[in-house]
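Following: one structure in structure tokens, then a few remarks.
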Amino acid sequence: MAALRVWSRCRRKAADSGLGGAGARGLTGKYEYDLLVIGGGSGGLACSKEAAQYDRKVAVLDYVEASPKGTRWGLGGTCVNVGCIPKKLMHQGALLGGAIKDAKKYGWNIPLPVQHDWDIMAKAVQNYVKSLNWGHLVQLQDKKVKYLNLKGIFVDEHTVQGESKKGKKTILTAENIVIATGGRPKYPLEIPGAELCISSDDLFWLQDSPGKTLVVGASYVALECAGFLTGVGLDTSIMVRSIPLRGFDQQMAHLVTDYMASYGTRIFRKCIPIKIEKLDSGKLQVIWRNLESNIEERESFDTVMWAVGRPPETKGLSLDKAGVQINPETGKVIVGASEETSASHIYAIGDIAEGRPELTPTAIKAGKLLARRLFGKSTELMDYDNVATTVFTPLEYGCVGLSEEEAIHRHGEENIEVYHAYYKPLEFAVAERDATQCYIKMVCLRKGDQRILGLHFIGPNAGEVIQGFALGIKCNATYSQLASTVGIHPTCAEDVNKLNITKRSGLDPTVTGC
Ligand code: FAD
Ligand code: NDP
């Protein structure tokens with residue numbers, strides 16, 4: 001033990017003096033690093049920092065390929081630069097617009113209509129993101145993780161070639177390798193003119209307002225971006241090919257889009273774009289087909305944004321050279337319960353891994369637990385069940401566990417009890433906001449104490465509400481336990497505790513009174 005401490009002190013000294021990269025070896029002495037992580041996003045950074053705490057020699061490669069429109073960003077991956085963080089900040093910017101309108105009802109003398117300045121919001125958000133990039137660099141340095149701004153490509157199962165922006169190549173060897181390269185937005189190049197459009201990678205880094213915008217797609221990215229664009233006062237439309245929020249409880253998904261529609265987002269349902277053309281005015285003319293009427297329609301927009309999925313970044317990695325198998329349909333890396341791939345000593349975490357939720361907290365936790373299993377004598381596996389999530393649309397939707405459809409599919413309709421309520425947030429009352437879509441649904445087993453299988457909440461601060469209940473559901477909470485918990489008054493969350501009308505009863509689920 002003492003020898004190990006002396007050894008690791010020496011190694012730390014070597015790293016401090018900058019010798020860590022080339023000469024020094026990892027613990028086995030056979031490879032340069034004990035752990036090499038490809039991808040410095042949510043999962044990769046968490047894994048590499050955790051591993052370094054066990055006195056291992058760790059390096060992380062992160063390289064951002066510019067978007068087709070030329071947008072680039074710094075260290076931290078999707079969430080920090082073009083995902084959760086700028087999205088939530090712009091969502092907050094949009095919510096403030098609503099708060100300004102409400103404020104008048106509370107006596108604030110604000111001359112309406114107020115104007116929103118995109119440039120100011122964008123600059124503030126971008127500066128904050130840059131501060132996070134810097135923070136990640138400092139953290140890696142503090143934890144003695146070697147950061148290499150190189151694009152990684154496998155040479156064999158213990159060797160990766162890193163290539164710099166200028167084309168300089170470096171060979172790196174490691175005992176263990178973690179693939180954490182995430183995904184990037186899809187460009188449907190089969191649609192003529194697709195290259196004229198932007199993706200969410202560009203939206204957050206625009207210097208000027210996108211103006212009148214069409215967002216194509218109907219999942220998380222599409223609805224959230226269209227939501228905040230509408231909220232900051234832009235003429236915004238969404239083009240939905242089939243259903244909104246595939247995979248989510250569809251009753252909830254439709255309430256989310258109904259609210260968006262009533263607050264100004266135009267929704268083209270059952271439509272697909274077939275061509276995009278640049279007009280002399282500089283605007284983009286979109287020609288689309290309505291799948292129900294089979295009629296072609298057209299309209300011009302300042303900006304068209306693709307939000308049609310995020311394929312994994314596996315193509316450029318030469319995974320075959322390392323014997324790492326992917327699912328040819330999705331392109332994602334096939335992994336087992338301990339994140340292992342088909343190649344020994346190679347692991348995959350986060351968005352790149354097949355069948356995992358594409359969420360930052362799961363990538364982070366999976367990365368940390370993997371490092372602990374590799375170097376910290378832990379055997380704890382990542383539990384991907386009952387992961388809570390929130391869609392940050394103008395009226396937020398948070399959920400954990402099964403949708404009503406999935407619960408029926410797994411257990412049969414006769415074995416499911418659904419409690420529900422249309423409630424009115426107090427925040428909406430004086431402001432006279434429409435609460436038609438504020439809805440809570442709890443899906444339970446019907447027998448016995450009625451174990452809760454899923455909880456769905458639409459309303460203000462949905463993420464904050466659902467996070468606490470997620471603990472209960474993880475601990476197999478039952479309807480009786482929930483009903484015996486006293487609520488906090490006056491909150492929206494207390495309406496979850498007060499749920500008492502079942503769908504089966506057919507009674508009116510509208511909450512009345514205090
Ligand atoms: P990433 O964070 O994508 O990191 C991968 C890194 O690897 C990137 O920096 C990439 O440039 C780099 N890389 C790729 N190839 C190579 C290579 N060959 N060599 C070196 N480096 C490489 N999740 C939430 O939980 N909450 C949210 O609110 C949320 N909002 C989102 C909003 C948007 C618009 C988007 C797009 C995503 C959002 N997500 C959200 C999802 C979340 O961002 C991802 O699930 C998460 O970032 C995945 O982490 P990761 O480590 O797998 O990959
Ligand atoms: P998804 O793969 O979830 O959805 C793609 C959407 O695009 C679907 O609505 C799909 O429609 C539609 N689509 C695909 N191709 C076309 C086409 N050619 N024309 C029209 N529509 C098309 O992708 P996202 O990019 O929205 O999200 C990726 C992941 O990122 C999510 O799964 C989520 O985990 C994560 N994320 C998390 C967030 C959060 O936590 N708040 C926020 C944003 C992203 P159809 O259903 O018909 O196939």
Side-chain angles (χ1 to χ4, degrees), residues 37-47 60-66 72-88 90-91 136 148-154 160-163 178-188 190-191 194 199-201 203-204 215-225 238-248 253 268 270-274 288 291 306-318 348-353 356-364 366-367 387-393 396-398 463:
V37 178
I38 312 177
S42 308
L45 289 178
C47 185
V60 59
L61 269 67
D62 190 60
Y63 186 88
V64 179
E65 203 78 68
R72 279 180 193 278
W73 50 88
L75 178 63
T78 302
C79 178
V80 169
N81 296 282
V82 286
C84 335
I85 301 299
K87 179 277 304 289
K88 181 90 189 276
M90 291 193 178
H91 170 63
H136 282 301
L148 299 156
N149 184 204
L150 302 174
K151 182 175 178 172
I153 300 166
F154 277 96
V160 169
Q161 175 188 281
E163 187 172 342
V178 171
I179 309 165
T181 48
R184 290 295 289 272
K186 178 175 162 188
Y187 264 70
E190 67 282 5
I191 300 172
S199 72
S200 54
D201 280 358
L203 181 69
F204 300 113
V215 178
V216 183
S219 200
Y220 272 100
V221 174
L223 298 191
E224 292 185 338
C225 293
I238 306 177
M239 191 164 288
V240 182
R241 172 169 74 176
S242 56
I243 53 168
L245 292 175
R246 182 178 295 286
F248 284 86
F268 301 122
K270 301 266 170 5
C271 293
I272 49 162
I274 49 179
W288 69 86
L291 295 171
W306 297 121
V308 291
R310 297 178 49 81
E313 281 278 278
T314 38
K315 275 204 191 108
L317 286 171
S318 294
I349 53 169
D351 287 7
I352 201 77
R356 306 304 193 211
E358 292 179 19
L359 297 170
T360 275
T362 49
I364 291 177
V387 172
T389 184
T390 289
V391 188
F392 294 96
T393 34
E396 297 172 5
Y397 166 33

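Values below: all heavy atoms of this structure, side chains included; hydrogens, waters and symmetry mates excluded. Order of listing sets the numbers, starting from 1, for every ligand and every atom in it. Values in this document were obtained by computation on a predicted structure and should not be read as measured data.
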Review point. For ligand 2, which atoms have a heavy atom of Ser242 less than 4.0 angstrom away?
Key: 45 (P), 46 (O), 47 (O)
Practice item. Starting from atom 43 (C) of ligand 2, locate the nearest protein heavy atom and write down its residue, its atom name and how far away it is, to 0.1 Å. Key: Tyr220 CB, 3.2 Å
Practice item. Could you list the atoms of ligand 1 found under 4.0 angstrom from a heavy atom of Pro361? Key: 25 (O)
Exercise for review: Run down the list Asp351, Leu317, Thr78, Leu61 and name the one with the heavy atom closest to atom 44 (C) of ligand 1.
Suggested key: Asp351
Check your understanding: For atom 28 (C) of ligand 2, what is the nearest protein heavy atom, given as residue, atom name and distance?
Key -> Glu358 OE1, 3.5 Å
Check your understanding: Can Val82 be said to touch ligand 1, with heavy atoms closer than 4.0 Å?
Key -> yes
Practice item. Ignoring hydrogens, just give me the one of Lys87, Arg72, Glu358 whose non-hydrogen atom is nearest atom 28 (O) of ligand 1. Key: Lys87
**Study point:** Partner of Lys151 under side-chain hydrogen bond (donor to acceptor under 3.5 Å, both in side chains), chosen from Gln161, Glu163, Glu65
**Key:** Glu65
Check your understanding: In terms of atom number and element, which parts of ligand 2 are under 4.0 angstrom from non-hydrogen atoms of Val216?
Key -> 20 (C)
Check your understanding: Going by distance only, is there an N or O of Val221 that falls short of 3.5 Å from an N or O of ligand 2?
Key -> yes
Point to revise | Shortest reach to atom 43 (O) of ligand 1 by a heavy atom, considering only Gly83, Cys79, Ser318 | key: Cys79
Point to revise | Lys87 to ligand 2, any heavy atom closer than 4.0 Å | key: yes
Practice item. Within a distance under 4.0 Å of any heavy atom of Ile38, pick out the atoms of ligand 1 and give their elements. Key: 17 (C), 19 (N), 20 (C)
**Study point:** Per-atom contacts, ligand 2 versus Thr389 - under 4.0 Å to a heavy atom
**Key:** 40 (O)
Practice item. Check each of Pro361, Ala307, Pro273 against atom 6 (C) of ligand 2 and report the one with the nearest heavy atom. Key: Ala307
Study note, to complete from the structure: If you compare Ser200, Gly463, Gly183, Ser219 by their heavy atoms, the one closest to atom 1 (P) of ligand 2 turns out to be Ser219
Review point. Which of the atoms of ligand 1 are close to Gly77, meaning less than 4.0 Å from one of its heavy atoms?
Key: 2 (O), 4 (O), 8 (C), 9 (O)
Exercise for review: Could you pull out, from Gly74, Gly39, Ala366, Ala180, the option with a heavy atom nearest to atom 5 (C) of ligand 1?
Suggested key: Ala180
Review point. What atoms of ligand 2 come closer than 4.0 angstrom to any heavy atom of Glu224?
Key: 39 (C), 41 (N), 42 (C), 43 (C)
**Study point:** N or O contact, Glu224 vs ligand 1, cut-off under 3.5 Å
**Key:** no
**Study point:** Cationic N near anionic O, under 4.0 Å, Arg356 to Asp351
**Key:** no
**Study point:** Nearest candidate to atom 14 (C) of ligand 2, where distance is taken over non-hydrogen atoms, out of Val308, Leu223, Thr78
**Key:** Val308
Check your understanding: Has Leu150 got any heavy atom lying under 4.0 angstrom from an atom of ligand 1?
Key -> yes
Check your understanding: Any nitrogen or oxygen of Cys225, main chain or side chain, under 3.5 Å from a nitrogen or oxygen of ligand 1?
Key -> no
Exercise for review: For this output row, return yes or no: ring centroids of Tyr220 and Tyr397 closer than 6.0 angstrom.
Suggested key: no
Review point. Under 4.0 angstrom from ligand 2, any heavy atom of Pro188?
Key: no
Revision key, fill the gap. So the atoms of ligand 1 within less than 4.0 Å of a heavy atom of Gly43 turn out to be 51 (O)
Check your understanding: Hey, does Phe392 come in under 3.5 Å of ligand 1, counting only N/O atoms on both sides?
Key -> no
Practice item. Show which atoms of ligand 2 fall inside a sub-4.0 Å distance from at least one heavy-atom site of Gly309. Key: 2 (O), 5 (C), 23 (O), 25 (O)
Review point. Does the N or O separation between Arg241 and ligand 2 drop below 3.5 Å for any pair?
Key: yes
Revision key, fill the gap. Here the atoms of ligand 1 under 4.0 Å from any heavy atom belonging to Gly350 are 52 (O)
Review point. Do ligand 2 and Ala218 have nitrogen or oxygen atoms that lie under 3.5 Å from each other?
Key: yes
Exercise for review: May I ask whether Gly316 has any heavy atom positioned less than 4.0 angstrom from an atom of ligand 1?
Suggested key: no
Review point. What atoms in ligand 1 come closer than 4.0 Å to a heavy atom of Arg310?
Key: 36 (C)
Exercise for review: Please could you name the atoms of ligand 1 that Val64 approaches to less than 4.0 Å, counting only its heavy atoms?
Suggested key: 11 (O)
Check your understanding: Any N/O of Arg310 closer than 3.5 Å to an N/O of ligand 2?
Key -> no
